Every structure is written in structure tokens, then in C-alpha cells.
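Working notes, beginning with the structure itself.
If you're wondering where the values come from, they're calculated on a predicted model, not measured in any experiment. Here is how names work: the chains are called A, B, and so on, in the same order as the sequence lines, proteins then strands, and each is numbered from 1.
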Protein chains: 2
Amino acid sequence: MAANSQFSMAVHVLAMLAHSGDDNVKSECIAASVNTNAVVIRRLLGQLGQAKLVTSQTGASGGTRLARAPHEISLCEIYKAVSCGEVFALHAKSPSQDCPVGRNIEAVLCNLQKEIDKAVGEKLGQYTLASVISQVETAKA
Amino acid sequence: MAANSQFSMAVHVLAMLAHSGDDNVKSECIAASVNTNAVVIRRLLGQLGQAKLVTSQTGASGGTRLARAPHEISLCEIYKAVSCGEVFALHAKSPSQDCPVGRNIEAVLCNLQKEIDKAVGEKLGQYTLASVISQVETAKA
DNA sequence: CTAACTGTAACTATACTTGTTACAGATATG
DNA sequence: CATATCTGTAACAAGTATAGTTACAGTTAG
């Protein structure tokens, strides 16, 4: 299990929170739906909390709720919050600087990487948590 | 070193091959520029060969060359050839089917994944190996 | 005060990428 | 034809990221 599924989990979690309105939801409850451990969920909620997407309460009858309305949360924000990293990685080791191609390829790839990330961000920005929920609802029918 | 840098390496390798025109290039030579082991390069060339982007010759004075002109090779093809996988992964374990959200979220995320991959493919499709080379050349100046 | 939560550290398991060695098979060249 | 020079590929080690799990400190409602 090495593939990064944090974004998928995050969307799932936030959709559940949206479903529960203003009620605090416990990490155990979310974990049951996502089918994983509560600590994994709390780790994820920590990242979403830092991104100001959710707020949590400690203590008895504590839990987590959305910090904003679903239509004010874009999928792009979620993606950035869990920092899934880049679509592709640059060279692990620097290429040979003695080679005319190796010397310059990194800069070109770096620019390309930025463009791709931007394209992904823009595509994700077309959707909000609210639109995800409405898709979940219509699928149910 | 777990991040997938195969796409970066592939573009680098193909740019080198383009630089060498119709001459066979040895894996050792490419490996020196990419700063890695020749076997790693041969593995990569194997994938690029299956995608019909390069042709290789075994035996003495063998090596690899481009199968097509650089302007006929889009970055999207390269991306697909090295199968970098998806931008984000779906759930590792299936969500709980007892939860109204969990039951339907997978399909929604799957569609989203396809859309993102399509957006990435389209963006990459705007570039060819030739355009990468021209960027490398101008950076050199 | 106590029970019920979150937050977080620490450790393990798993899996993926890369690096490396080794060797079989193909082929140009003398 | 013999040989040196390549590719193709298997097999294994090493490094690293994600995820699962246990444990426990800190917070808060009742």
C-alpha cells in the first residue's frame, strides 16, 4: 500500500462531514466508513485542519466538523491541503553537467512540472465539495 | 528514492537520442548523462521500445535510436509509455458499503480521476520532444 | 471526578523505485 | 568463424513512503 490515496480519503471524509451538517463527527465514525484506523483519519484531519477546512474539538462529545460551507471548498484546496506532491518527480540524482542535454534538461522539466500542476489545480478548481456531494446523491438514486 | 522519476528520465533519454540523430546510442553513454546505472536505462528503453518510440539493436555496435522524428513524439505518449500511474490513487481498501457516502464515493472519485488524467494528457499533448529540445537549446544560450 | 474524545509519537508491515551484479543471447568486425 | 561488444532480463539489496497499530498525554462535557 504505497500509492497515495490521501486525496481520495480527504474527499471522502469531507463529504461525510458535510453530510453531518453542524454536528461533531468522531474519528472512529469516519474511520468506519473509510474502512481504516481512526488514527489514520485523525492524521488526515490534522492536515485538513491546518488548511482551515475543518475544525476539531477535543474532549468528551468532541469531534470534527466543516469549517466552511461545502460550496466554498474547492477540490483544489483539498488537493493542496494533503500535499499529494507532484504529478511526476524530477531526477533523483542531478544529471551530468558535462552533457549538453543533461545540463539543461532539469530546468525544462521543472517548468513543465509547474505547468502540469497548474493544469491539475485548475481542473480540480472546477469542482467543489458541494458538487461532489450532489454526484454522490444522484448516484444513490 | 521512492518518487517516480521515470517520466523525467524518459524525456531526458529521448532528448539525448534526438540529439544523436540516426546513430545508435549505447545504454552506458545515456546512463552517464542521466547519472545512473546502465541497467536502469535499459529497463526504461524497454518500455519506450514497447511504445514504439525507440528501436534497439543488440550485438556489437548496437544501441538505441528514435523510432520517429522528434516532432512526431508528444510528451503525452512518453507519459503513457512509462505508465507513471494516476495523479492520485483511489482508496486502498473499499469504503464501507453501509455508509451512504462510502457506498457511492468511489464511483465519483473514479470519474474525477479520469478527468484529471485527461487534463494532464491534454496538457502534455501540447508539447513534443522537438519542443523540449528547442527549450534545451535556448536555455544553453 | 470521570468517561470520552483528539493529538501525536513510535513502531511495524508492506510495497514501490532504484541500484547493482550476473549472465544469456545477438551481432558487427576482423 | 571467433571474439569483443552490446542489449535484455532476472534476481536481489537498499532506501523510502504510505498505511496500520498501539500507547498515552491532554482536553472537555456532564
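A heavy atom lying under 4.0 Å from DNA chain D marks the following residues of residues 56-64 of chain A, by number: A:T58, A:G59, A:A60, A:S61. Of the residues in residues 44-51 of chain B, not one comes within less than 4.0 Å of DNA chain C through any heavy atom.
Atoms CG (A:N24) and P (D:dG30) sit 11 Å apart, rounded to a whole Å. Atoms CG (A:N37) and C1' (C:dC11) sit 14 Å apart, rounded to a whole Å. In this structure, the CG atom of A:L17 is 11 Å from the P atom of C:dT6, given to the nearest Å.
A:N35 places no side-chain N or O within donor-acceptor distance of the main-chain N or O of B:K93, the cut-off being under 3.5 Å. A donor-acceptor contact shorter than 3.5 Å links the side chain of A:S20 to the backbone of A:M16. Not one N or O on the side chain of A:S33 forms a donor-acceptor pair closer than 3.5 Å with the backbone of A:I30.
In this structure, SG in A:C76 is found 13.0 Å from NZ in A:K123, a value given to the nearest 0.5 Å. How far CG of B:L90 is from OG of A:S5: 8.5 Å, rounded to the nearest 0.5 Å.
Counting non-hydrogen atoms of neighbouring residues, nucleotides and ligands closer than 6.0 angstrom, the CG atom of B:D23 exceeds 12 such neighbours.
For the pair B:R68/B:L53, a side-chain contact is recorded, criterion being any heavy-atom separation below 4.5 Å from C-beta on.
Not one side-chain nitrogen or oxygen of B:S27 sits closer than 4.0 Å to the OP1 or OP2 atom of D:dC6.
No donor-acceptor contact under 3.5 angstrom links the side chains of B:Y127 and B:Q135, judged on distance only.
Ranking D:dG20, C:dT8, C:dT20 by closeness to the A:V39 side chain, first place goes to C:dT8.
If you find the closest nucleotide of DNA chain D to B:R43 and to A:V40, the one lying nearer the 5' end belongs to B:R43.
Nucleic acid contact for A:V34: none, since no nucleic acid atom lies under 4.0 Å from a heavy atom of the residue.
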